[in-house]
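See structure below.
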Amino acid sequence: MGKRGGFPGGMGGFGGMNIGNLMKEAKKMQADMEKSQEELAQKEFDATAGGGAISVKVSGEKTIKEIKIQKDVVDPDDVEMLEDLILTCVNEALRKVDEAQAKQLGKFNIPGLM
C-alpha cells in the first residue's frame, strides 16, 4: 500500500529533536535575552563633544541622565553652535547604546530581532 503521511524522519520532524526540548530551549533563550536587556538597561553611556565642552550621560534604556555644559562654551551670540554640540553629543551617546544592544543581543541570532 501507499506510504503513510506525516513528517519525514519520524516523529517530530525536527531532526530528531523533541518538541518539549525545543520549548525548553526557547524559554531558556527568552530568559537569557531578558537578563541581557536588564543588564544593558543598568549601564550608562557617556559621550563628549567640542573637546569636552559638552558631555552627556545616557542609560541603556536611551534615557538622558545628565548633560553638562562648560560655561566658556555658552555664547549668547552663537546659540547655534551650542545646539549643534549638544545634538552631536546626544546622538553619539545614543549610537553607543545601539552598538551595545547589537553586541549584547546579537549573540542570540534571531532573524528580524536586530
Side-chain angles (χ1 to χ4, degrees):
M1 289 229 115
K3 225 175 170 187
R4 296 178 86 186
F7 293 107
M11 294 294 288
F14 295 103
M17 181 176 254
N18 180 322
I19 193 75
N21 286 343
L22 186 63
M23 293 300 292
K24 192 163 104 174
E25 286 296 317
K27 284 183 182 182
K28 182 184 180 312
M29 183 182 289
Q30 182 179 9
D32 290 347
M33 283 180 61
E34 287 173 3
K35 182 179 177 203
S36 291
Q37 288 172 327
E38 288 171 11
E39 289 172 359
L40 189 62
Q42 299 303 315
K43 291 183 180 181
E44 290 186 344
F45 300 84
D46 298 314
T48 61
I54 307 284
S55 65
V56 172
K57 188 177 289 188
V58 177
S59 75
E61 294 177 311
K62 296 185 178 181
T63 301
I64 298 173
K65 304 293 269 179
E66 180 179 273
I67 295 177
K68 292 200 178 226
I69 302 171
Q70 301 267 329
K71 289 181 182 180
D72 58 332
V73 78
V74 179
D75 180 355
D77 296 326
D78 195 3
V79 173
E80 292 83 14
M81 180 202 57
L82 182 57
E83 291 170 341
D84 287 345
L85 287 174
I86 293 170
L87 281 174
T88 299
C89 197
V90 169
N91 286 330
E92 175 62 15
L94 294 175
R95 187 198 62 74
K96 288 180 179 183
V97 175
D98 288 340
E99 188 177 276
Q101 283 178 334
K103 183 177 179 183
Q104 187 87 4
L105 300 177
K107 65 185 174 189
F108 294 105
N109 196 22
I110 299 171
L113 179 64
M114 298 300 287

N/O donor-acceptor pair under 3.5 Å between K62 side chain and L94 backbone: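 Pair absent, no side-chain N/O of K62 close to backbone of L94.
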To the nearest 0.5 Å, tell me how far [X] [atom1] sits from [Y] [atom2].
| X | Y | atom1 | atom2 | value |
| --- | --- | --- | --- | --- |
| D84 | E80 | CG | CD | 8.0 Å |
| E61 | E38 | CD | CD | 10.0 Å |
| Q37 | Q104 | CD | CD | 9.5 Å |
| E83 | D78 | CD | CG | 9.5 Å |
| E92 | D46 | CD | CG | 11.0 Å |

How close do [X] and [Y] get, heavy atom to heavy atom, and via which atoms?
| X | Y | value |
| --- | --- | --- |
| I64 | I67 | CG2-CG1, 3.8 Å |
| S59 | K65 | N-CG, 3.8 Å |
| K96 | A47 | NZ-CA, 4.2 Å |
| G60 | Q101 | O-NE2, 4.0 Å |
| F45 | A93 | CB-O, 4.2 Å |

Hey, quick one: are L40 and V56 part of the same hydrophobic cluster, counting side-chain heavy atoms closer than 4.5 Å, chains of contacts allowed?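 Yes, L40 connects to V56 through the hydrophobic network.
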Notebook entry, point to check: If two hydrophobic side chains count as joined below 4.5 Å and joins carry through other members, does V74 share a cluster with I86?
Noted result: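 Linked, V74 and I86 end up in one cluster.
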Between R95 and E99 (salt bridge meaning N to carboxylate O under 4.0 Å), is one present in this structure?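 Yes, this pair counts.
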Min side-chain heavy-atom separation [X]-[Y] under 4.5 Å:
| X | Y | value |
| --- | --- | --- |
| E34 | Q30 | yes |
| L82 | I54 | yes |
| V73 | M81 | yes |

